[in-house]
Amino acid sequence: MALKQQLDEIDGKLRLLNFTTKKTDDILKTNDEEVAIRQKGQITKIILAISDLKQLIEEKKFIEGDSEENVAAWGESIEENIALADEKVKQLNEYIQRLKADERQKESALENENKRLLDEENYTRQQAFEKHERDKQLAFEQELFNQKLQSIVDEYNEQHWTQDTTLRHSGRNWGPFGYSTVHYDSLTTVVEIPEEVAQQACDADVHAAGHRTLVPQLVEALKAKDKSNILVLCGGVIPPPDYDFLFKKGVAAVFGPGARIPHAAMEVLRAISSGEQCRQTMA
């Protein structure tokens, strides 16, 4: 190929290189990795073609007797164009790497989110399973408790039965908690003085008396009527420091806020059956 023809060819390739590299800035704004990779490949291909052709032209120039200074001067502008194109290739390469990093970050975030959702689902299932097992266990324990309480009620009725004093027990399950009821008759509807309460307890032949004001006077009034076998029970908001005082005065049991009625009923029935002070503090 003649030198002039090669010079024309390299000039055309340099124009193509400049034309192609001008598109790079717009491509860097697209967030399109595939387009960036193609642009990088096209520029690199043109650079290689120019470099090869430049080397051939330089060789022919030396053959035709051109000096090194002339050949070097001729090649300077070509090297400048190649350097500019190399800078665009570098920008494209950094851009592509950043897009890949962003994609990896998105994939990692998606993977972490999927893992979080899976862990949350597993946790919810585990919680539901554990709650189901707790409910089963509580229901089982409640049934045992109901049977035990019914046994105490039956035993009491066998030993102390009269037409007016029979106890009745009903047990039900309510959610995971459950409750039991021991039916009884209440003597009073308003607050009376201890002597009146004591007289009513004696007249009705009761077995246990609930909390009223002036509890010590009530205990003494029962003793005065030779009815110390009637258990005195205290319930409600009573300061814990007062419990020992009440026990010393003859109170059989104190049921504070939060006391479970089924357990309280069982303790009272035990105390009634045994005739002893149960001295239970239940809160």
Verify the distance criterion only: is there a donor paired with an acceptor across the side chains of [X] and [Y] at less than 3.5 Å?
| X | Y | value |
| --- | --- | --- |
| Q137 | E133 | no |
| T24 | Q91 | no |
| N70 | K61 | no |
| Q55 | E59 | no |

Nearest-0.5 Å distance that lies between atom [atom1] in [X] and atom [atom2] in [Y]:
| X | Y | atom1 | atom2 | answer |
| --- | --- | --- | --- | --- |
| I43 | R38 | CD1 | CZ | 13.0 Å |
| L99 | E34 | CG | CD | 11.0 Å |
| K100 | E107 | NZ | CD | 10.5 Å |
| L28 | K23 | CG | NZ | 14.0 Å |
| D52 | L48 | CG | CG | 6.5 Å |
| T21 | I82 | OG1 | CD1 | 12.0 Å |

Look at [X] together with [Y] and state whether they make a salt bridge at an N to O cut-off of under 4.0 Å.
| X | Y | result |
| --- | --- | --- |
| E58 | K54 | yes |
| D11 | R15 | yes |
| K90 | D86 | no |
| E113 | R116 | yes |
| E111 | K115 | no |
| D135 | K131 | yes |

So, do [X] and [Y] sit near enough that their side-chain heavy atoms are less than 4.5 Å apart?
| X | Y | answer |
| --- | --- | --- |
| K249 | V215 | no |
| F245 | P216 | yes |
| L84 | E80 | no |

Evaluate T20 against L16 for side-chain contact (heavy atoms from CB on, under 4.5 Å), listing each step before the verdict. CA-CA 6 Å; T20 304; L16 177 62; 3.9 Å; yes
With I27, the side chain to side chain contact (heavy atoms under 4.5 Å, CB included) member among K88, Q39, K40: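 That would be Q39; it is the only one of K88, Q39, K40 passing the side chain to side chain contact (heavy atoms under 4.5 Å, CB included) with I27.
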Quick check on side chain to side chain contact (heavy atoms under 4.5 Å, CB included): which of N93, L92, I96 does I37 satisfy it with?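 The single option meeting the side chain to side chain contact (heavy atoms under 4.5 Å, CB included) with I37 is I96.
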If only atom types and distance count, is the side chain of N114 paired as donor or acceptor with the main-chain N or O of L110 below 3.5 Å?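 Checked: pair present.
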Check whether N122 reaches the backbone of L118 with its side chain - one donor and one acceptor, N or O, closer than 3.5 Å.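 Indeed, once roles are kept as given, a pair shorter than 3.5 Å links the two residues.
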Report the C-alpha distance between F247 and V254 in whole Å, list the side-chain angles of each, state the deciding distance to 0.1 Å, and finish with yes or no for side-chain contact (heavy atoms from CB on, under 4.5 Å). CA-CA 8 Å; F247 290 144; V254 177; 3.9 Å; yes
Kindly determine whether E143 and Q147 satisfy side chain to side chain donor-acceptor pair (under 3.5 Å), including the steps that lead there. CA-CA 6 Å; E143 181 61 27; Q147 293 176 5; 3.2 Å; yes
Does atom CD (Q105) have a neighbourhood of more than 12 heavy atoms from anything else shown, all under 6.0 Å?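 Check fails, neighbour count at 12 or below.
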Give a yes or no on whether D226 atom CG has more than 12 heavy-atom contacts from other residues, nucleotides or ligands under 6.0 Å away.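 No.
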If I compare all heavy atoms of [X] with all of [Y], which pair ends up nearest, and what's the gap?
| X | Y | answer |
| --- | --- | --- |
| D32 | Y95 | N-OH, 3.1 Å |
| I238 | C234 | CD1-CB, 3.6 Å |
| A85 | L17 | CB-CD1, 3.6 Å |
| I46 | K13 | CG2-O, 3.8 Å |

Are I78 and L3 in one and the same hydrophobic cluster, where Ile, Leu, Val, Met, Phe, Trp and Tyr link if side-chain heavy atoms are under 4.5 Å apart?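 Linked within one cluster.
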Could you check D66 against W74 for side-chain contact (heavy atoms from CB on, under 4.5 Å), going step by step and ending with a plain yes or no? CA-CA 11 Å; D66 262 353; W74 170 81; over 6 Å; no
Evaluate side-chain contact (heavy atoms from CB on, under 4.5 Å) for I10 paired with I50, printing each intermediate quantity in order. CA-CA 6 Å; I10 198 170; I50 291 174; 4.2 Å; yes
